[in-house]
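This report refers to the structure that appears directly beneath it.
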Amino acid sequence: MLEVDGPQGTVAVRLSEVEAYAGPVDPASHAYRGRTPRNAVMFGPPGHLYVYFVYGMHWCCNVVCGPDGDASAVLLRAGAVVSGLDLARTRRPGVRSDADLARGPARLAAALGIDRAAGGADLLDPVSSVRLTRGDPVPDEAVRRGPRVGVAAAGEVPWRLWVAGDRTVSPYRPGTRGVPAGRPPPAR
DNA sequence: ATAACGATTAGCT
DNA sequence: GCTAATCGTTATA
């Protein structure tokens, strides 16, 4: 579960889809080319929020993982809004189904009201305005894995994990550039 | 200083 | 399925 407090209230989501990114050894990771002002949070202690801006209009959020200095992180790709539904709808005008409110990394950030200001937050501090908490356990057999979405480099690495059958999981879209050959391995 | 690009989404065909 | 929108980050000079 991810809970975010804002001026207008709190929105909570149950995460249904994530992707792992390693540090400098992962060509798809923002940390691949070393530490920069943008990715500095990734090189810090785990349990903090790494927020970045993409395509000139979207925010995406990650949980920093691994020991201090490792620069690995998990991209939060989708979730189901379980609290603060009205506020989430306000932030995502025009959305028809509630399942679409946080169905995608930028949509998730938008529904939760996350932007640059939330970057670096300590997700494990109960007093933090952005918190990562334990929800109902997901059975191992309900977890599927496959290639990461929209990633060209290392596109074959099956580091995307999602909950089977969950309607809030985002549609799969292969990385466009680079490797034209072969299809991604089937989801397991 | 400047150019190229991107862990996406919404909207239209 | 295809594309425009839109700008911070990064690399290069």
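These numbers come from the heavy atoms of this one structure, side chains and all, not from hydrogens, waters or symmetry mates. Chain identifiers are assigned alphabetically (A, B, ...) following the order of the sequence lines, protein sequences preceding nucleic acid strands; residue numbering begins at 1 within each chain.
Note that the CG atom of A:Asn62 and the CD atom of A:Glu19 stand 9.5 Å from one another [nearest 0.5 Å]. Separating the NE2 atom in A:His48 from the CG atom in A:Asp68 is a distance of 9.0 Å, to the nearest 0.5 Å. For the atom pair A:Cys60 SG and A:Leu108 CG, the distance stands at 9.0 Å (nearest 0.5 Å).
A:Met57 and A:Val54 end up in different hydrophobic clusters when Ile, Leu, Val, Met, Phe, Trp and Tyr side chains are linked at under 4.5 Å. Both A:Val13 and A:Leu161 belong to a common hydrophobic cluster when Ile, Leu, Val, Met, Phe, Trp and Tyr are linked at side-chain heavy-atom distances under 4.5 angstrom.
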Give every donor-acceptor pair under 3.5 Å between a side-chain atom in residues 71-88 of chain A and any protein atom, sequence neighbours left out.
unit_1: A:Ser72; atom_1: OG; unit_2: A:Cys65; atom_2: O; d: 3.0
unit_1: A:Arg77; atom_1: NE; unit_2: A:Glu17; atom_2: OE2; d: 2.9
unit_1: A:Arg77; atom_1: NH2; unit_2: A:Ser170; atom_2: OG; d: 3.3
unit_1: A:Asp86; atom_1: OD1; unit_2: A:Arg89; atom_2: NH1; d: 2.9

Exercise answer: donor-acceptor pairs, residues 119-132 of chain A side-chain atoms, under 3.5 Å, sequence neighbours excluded:
unit_1: A:Asp122; atom_1: OD1; unit_2: A:Leu124; atom_2: N; d: 3.0
unit_1: A:Asp125; atom_1: OD1; unit_2: A:Val127; atom_2: N; d: 2.8
unit_1: A:Ser128; atom_1: OG; unit_2: A:Asp122; atom_2: O; d: 3.1
unit_1: A:Ser128; atom_1: OG; unit_2: A:Val130; atom_2: N; d: 3.2
unit_1: A:Ser128; atom_1: OG; unit_2: A:Val130; atom_2: O; d: 2.9
unit_1: A:Arg131; atom_1: NE; unit_2: A:Glu3; atom_2: OE1; d: 3.3
unit_1: A:Arg131; atom_1: NH1; unit_2: A:Asp5; atom_2: OD2; d: 2.8
unit_1: A:Arg131; atom_1: NH1; unit_2: A:Ser128; atom_2: O; d: 2.7
unit_1: A:Arg131; atom_1: NH2; unit_2: A:Glu3; atom_2: OE1; d: 3.1
unit_1: A:Arg131; atom_1: NH2; unit_2: A:Asp5; atom_2: OD1; d: 3.3

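Here the range on DNA chain C touched by chain A, meaning any atom under 4.0 Å from one of its heavy atoms, is C:dA5 to C:dA11.
Nearest approach of A:Gly135 to A:Met1, heavy atoms of both residues: CA-CG, 3.5 Å. Closest approach of A:Pro45 and A:Val64 over heavy atoms only: O-CG1, 3.6 Å. Considering all non-hydrogen atoms of both residues, A:Gly23 and A:Ser29 come closest at O-CB, 3.8 Å. Counting all heavy atoms, side chain and backbone alike, A:Arg145 lies closest to A:Trp162 at C-CZ3, 3.5 Å. Of all heavy-atom pairs spanning A:Tyr172 and A:Arg160, the tightest one is CD1-NH1, 3.8 Å. Considering all non-hydrogen atoms of both residues, A:Ile114 and A:Trp59 come closest at O-CB, 3.8 Å.
Two residues are said to be in side-chain contact when any heavy atoms from C-beta on lie closer than 4.5 Å; A:Pro24 and A:Tyr32 fail this criterion.
Listed by residue number, the members of residues 61-80 of chain A with any heavy atom below 4.0 angstrom from DNA chain C form an empty set. A heavy-atom distance below 4.0 Å to DNA chain B is reached by these residues of residues 28-47 of chain A, ordered by number: A:Ala28, A:His30. Only A:Tyr21, listed by number, bring a heavy atom of residues 12-25 of chain A to less than 4.0 angstrom from any atom of DNA chain B. At a non-hydrogen distance threshold of 4.0 Å, A:Arg92 from residues 85-99 of chain A come into contact with DNA chain B. Within residues 51-60 of chain A, the residues having any heavy atom under 4.0 Å from DNA chain C are, by residue number, A:Phe53, A:Tyr55, A:Gly56, A:Met57. Sorted by residue number, the members of residues 100-109 of chain A with any non-hydrogen atom under 4.0 Å from DNA chain B read A:Gly104, A:Pro105, A:Ala106, A:Arg107.
The residues A:Arg103 and A:Asp166 are annotated as not salt-bridged, no charged nitrogen and carboxylate oxygen being separated by less than 4.0 angstrom.
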Stepwise side-chain contact (heavy atoms from CB on, under 4.5 Å) check, A:Asp115 with A:Phe53: CA-CA 8 Å; A:Asp115 61 10; A:Phe53 189 67; over 6 Å; no

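The backbone N or O of A:Glu141 sits less than 3.5 Å from a side-chain atom of A:Arg144, completing a donor-acceptor pair. Within the 3.5 Å criterion, the main-chain N or O of A:Val95 finds no donor-acceptor partner in the side chain of A:Asp100. A:Arg107 contributes no side-chain N or O that, together with a main-chain N or O of A:Leu101, makes up a donor-acceptor pair within less than 3.5 Å.
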Only Watson-Crick and G-U wobble pairs with both distances less than 3.5 Å should count. Give DNA chain C in dot-bracket notation, marking inter-strand partners with |. |||||.||||||.

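Applying the salt bridge (Lys or Arg N to Asp or Glu O under 4.0 Å) criterion to A:Asp70, with sequence neighbours excluded, gives no partner residue. Qualifying side-chain contact (heavy atoms from CB on, under 4.5 Å) partners for A:Val157, counting only residues two or more places apart in sequence or in other chains: A:Arg148, A:Ala154, A:Trp159.
Aromatic pair A:Tyr52/A:His30: ring centres closer than 6.0 Å.
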